[in-house]
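Below you'll find the structure, written out as structure tokens, and then a few comments.
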Amino acid sequence: VFSSVTCVLNMSVFKDQFVLEDLIQELKKKSTALSFDPLQSNGHISVQGSFPAIKLLRDFLLLKAKSLSEKDKREESKSHQRPRRGLQQCRLTAEMSNFIHDADGEKQVVVLDTDIYHYMKYFFPRTFLVNDDVTIWDITDGDITTVYIENAGSRSDAEQVLRVKEKIENQSLKLHNALCKERIYFGEQTGDEKQRYKWACESLKPHYSHVLIIPYDTHIDVIGNSSEIFEFTKEVSN
């Protein structure tokens, strides 16, 4: 067991959004147990400390990178284009859907893409099925959904909590590489026209058993594999 480890962070990926020196100061305030070397001209910085503290720093940076990715995506959506995109595009890789745990391992926190989370809840509900000894709940904030898994039984069973986390991880990884999303915008359409679109989606739904439809006030999201959602949206438009 190592009492201290060292890692090198490449902070240059944040240089277009932050003043790196200010970001380093923020990291120092959040990670008082870590020691930071001076920031190099290429954006690299060496950090030393315990392995759990390094992991928490990694989790914080991944969430910050995720928020920047979602911000860029929202800015792109302001244009009037209607591109079809894979859920794996403009997102962090599945590895970056980070998993944070407390010291005794009795609590796990899983950060998921909200689209993948909805698809899992609808088509794979058993992924989130737990017994009385485990509590599971979620908080959705825009494109990110955080799932909390915690031991709720009378006896400590960190392995059971870990198994639930791994089940969610494995299922989300499969979907991350397979799903795409098409967005049907309503634009300036009236309430009756919006209702016709929703009715068309519902009437076609039985013929596309692996497509998830999520209606919103301004658009409809269609999630599934690329070939199915292409055919589905084409039929809806017709």
Side-chain angles (χ1 to χ4, degrees), residues 1-72 88 90-113 116-117 127 134-139 141 143-152 155-177:
V1 178
F2 297 98
S3 60
S4 180
V5 294
T6 300
C7 73
V8 177
L9 303 177
N10 180 8
M11 303 300 292
S12 64
V13 297
F14 295 101
K15 65 182 179 180
D16 294 333
Q17 292 83 13
F18 298 100
V19 177
L20 293 186
E21 288 77 9
D22 293 343
L23 181 56
I24 296 299
Q25 290 302 318
E26 181 181 1
L27 296 181
K28 289 181 178 179
K29 290 180 181 179
K30 287 184 173 292
S31 307
T32 55
L34 296 175
S35 174
F36 293 77
D37 287 349
L39 181 66
Q40 301 177 22
S41 59
N42 61 359
H44 290 190
I45 186 171
S46 181
V47 185
Q48 300 86 34
S50 68
F51 184 65
I54 292 287
K55 286 184 66 179
L56 289 175
L57 176 64
R58 169 186 177 272
D59 293 331
F60 173 76
L61 288 173
L62 289 175
L63 286 175
K64 187 169 284 290
K66 177 76 172 177
S67 67
L68 291 176
S69 173
E70 301 302 338
K71 179 182 177 182
D72 292 341
Q88 65 269 29
C90 299
R91 312 208 190 281
L92 300 182
T93 63
E95 176 186 355
M96 292 187 177
S97 290
N98 48 316
F99 307 103
I100 311 165
H101 60 81
D102 60 6
D104 56 13
E106 293 186 2
K107 180 179 180 181
Q108 297 287 337
V109 181
V110 185
V111 181
L112 297 174
D113 179 278
I116 291 178
Y117 172 73
T127 305
V134 177
T135 300
I136 185 169
W137 73 98
D138 61 82
I139 297 177
D141 182 11
D143 293 324
I144 299 173
T145 294
T146 306
V147 179
Y148 299 86
I149 311 128
E150 190 169 10
N151 178 43
R155 61 187 181 87
S156 177
D157 191 353
E159 290 186 0
Q160 188 173 6
V161 173
L162 186 61
R163 284 195 297 270
V164 175
K165 184 270 289 186
E166 290 177 344
K167 184 169 61 173
I168 296 173
E169 173 188 5
N170 292 336
Q171 187 61 63
S172 65
L173 177 60
K174 294 176 183 177
L175 296 177
H176 187 277
N177 295 325

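Note: Met11 CE to Leu39 CG = 8.0 Å, rounded to the nearest 0.5 Å. Atom-to-atom distance recorded for Ile168:CD1 and Asn170:CG is 10.5 Å, nearest 0.5 angstrom. In this structure, Phe18 CZ and Ile24 CD1 are separated by 11.5 Å, a value rounded to the nearest 0.5 Å. Atom CD in Glu166 sits 10.5 Å away from atom CD1 in Ile149 (nearest 0.5 Å). Annotation: the span from Asn10 atom CG to Gln40 atom CD amounts to 10.0 Å, rounded to 0.5 Å. Distance check, rounded to the nearest 0.5 Å: OG of Ser50 to NZ of Lys55 gives 11.0 Å.
Between the side chain of Asp113 and the backbone N or O of Ile116, at least one donor-acceptor pair lies under 3.5 Å. Not a single donor-acceptor pair under 3.5 Å links the side chain of Ser31 to the backbone N or O of Lys28.
Asp138 and Tyr148 form no side-chain donor-acceptor contact under 3.5 Å, judged by distance and modelled atom types alone.
Of all heavy-atom pairs between Val147 and Leu112, the closest is CG2-CD1, 4.0 Å. Counting all heavy atoms, side chain and backbone alike, Ala53 lies closest to Leu34 at CB-CD2, 3.6 Å. Residue Val110 comes nearest to Lys165 through the heavy atom pair CG2-CG, 3.7 Å, listed as atom of the first residue, atom of the second, then distance. The two atoms that bring Thr6 and Ser46 nearest to each other are CG2-OG, 3.3 Å, heavy atoms only. Here the shortest heavy-atom pairing between Ile54 and Gly49 reads CG1-O, 4.2 Å. When all heavy atoms of Leu20 and Gly43 are compared, the pair lying nearest together is CD1-CA, 4.5 Å.
Counting heavy atoms from C-beta outward, Thr145 and Ile139 have side chains that stay 4.5 Å or more apart. Residues Phe36 and Gln48 form no side-chain contact, since every pair of their non-hydrogen atoms from C-beta on lies 4.5 Å or further apart.
No more than 12 heavy atoms of other residues, nucleotides or ligands shown are found within 6.0 angstrom of NZ on Lys15. Surrounding CG of Asp22 are more than 12 heavy atoms belonging to other residues, nucleotides or ligands, all under 6.0 Å away.
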Q: Go through the steps to decide whether Val109 and Thr146 satisfy the test side-chain contact (heavy atoms from CB on, under 4.5 Å), and finish with yes or no.
A: CA-CA 7 Å; Val109 181; Thr146 306; 3.3 Å; yes

(Q) Go through it in stages, so that I can follow the logic: the residues are Leu162 and Gln108, the test is side-chain contact (heavy atoms from CB on, under 4.5 Å), and I'd like the CA-CA distance, side-chain angles, deciding distance and then a yes or no. (A) CA-CA 7 Å; Leu162 186 61; Gln108 297 287 337; 3.9 Å; yes

Q) Taking it one step at a time, do Leu27 and Leu61 satisfy side-chain contact (heavy atoms from CB on, under 4.5 Å)? A) CA-CA 9 Å; Leu27 296 181; Leu61 288 173; 3.8 Å; yes

